[in-house]
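A short write-up of the structure that comes next.
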Amino acid sequence: MDALDAYEAKRGRAAMTTVAPPKAWHDAEWYHQRYNAKNKIRLALFAGVFACNALPHGSFPGQEQLKTVLGGLVFLSLLPQLFAPIDNVLSKFD
């Protein structure tokens with residue numbers, strides 16, 4: 001808080017905003033947990049779809065199926081975030 005005191009002394013008046021320590025800690029919702037780890041997986045899956053799309057059609061056997069599977073996995077990885085508002089509403093009835 002020394003920096004705040006120095007700033008107030010320089011201005012000649014009190015700062016309008018006071019910084020208070022947090023009162024309680026709340027963990028994020030379940031679908032936000034391990035966000036960075038899940039995003040790396042999602043990014044790798046998307047990169048696979050992008051790489052398959054960048055290659056000419058039929059470059060290797062099963063290319064279209066691989067694109068479909070990888071794209072489906074990207075979509076499935078997003079489902080918890082898409083249904084989070086619904087889950088929030090349903091949790092009020094518990």
Side-chain angles (χ1 to χ4, degrees):
M1 295 309 246
D2 293 332
L4 180 60
D5 293 334
Y7 179 71
E8 289 175 345
K10 180 180 173 184
R11 289 184 62 204
R13 61 183 175 164
M16 299 296 288
T17 303
T18 57
V19 179
K23 295 178 182 168
W25 176 262
H26 300 282
D27 285 333
E29 291 85 3
W30 61 270
Y31 54 89
H32 287 303
Q33 300 295 329
R34 296 176 28 89
Y35 179 79
N36 289 336
K38 288 186 278 187
N39 247 8
K40 289 176 187 173
I41 294 169
R42 187 177 300 142
L43 184 61
L45 292 170
F46 181 74
V49 173
F50 182 79
C52 285
N53 280 331
L55 295 172
H57 181 71
S59 292
F60 60 90
Q63 180 181 2
E64 294 302 313
Q65 292 83 355
L66 181 61
K67 281 193 326 191
T68 303
V69 169
L70 292 176
L73 290 173
V74 169
F75 178 76
L76 286 176
S77 73
L78 293 169
L79 281 179
Q81 292 171 348
L82 295 173
F83 288 118
I86 296 169
D87 188 45
N88 189 22
V89 169
L90 292 176
S91 68
K92 296 194 185 316
F93 295 105
D94 288 340

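These figures come from a predicted structure and were not determined experimentally.
The CG atom of L45 sits 6.5 Å away from atom OG of S77, with the distance rounded to the nearest 0.5 Å. Here F50 contributes atom CZ and L70 contributes atom CG; the two are 14.0 Å apart, rounded to the nearest 0.5 Å. Separation of atoms CG (L78) and CG (L73) is listed at 11.0 Å; rounding is to 0.5 Å. Atoms CD and CG, from E64 and N53 in turn, are 8.0 Å apart once rounded to the nearest 0.5 Å.
In terms of modelled atom types and a separation under 3.5 Å, the side chain of Q63 and the main chain of C52 share a donor-acceptor contact.
Heavy atoms of other residues, nucleotides or ligands lying less than 6.0 angstrom from CZ of R11 number more than 12.
L66 is not connected to L43 by any chain of hydrophobic side-chain contacts under 4.5 Å among Ile, Leu, Val, Met, Phe, Trp and Tyr, and they are in different clusters.
The minimum heavy-atom distance linking F60 with L55 is given by the pair CE2-CD1, 3.7 Å.
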### Task
Using the side-chain contact (heavy atoms from CB on, under 4.5 Å) rule, take D27 and W25 through it: C-alpha gap first, then chi angles, then the decisive distance, then the call.
CA-CA 7 Å; D27 285 333; W25 176 262; 3.1 Å; yes
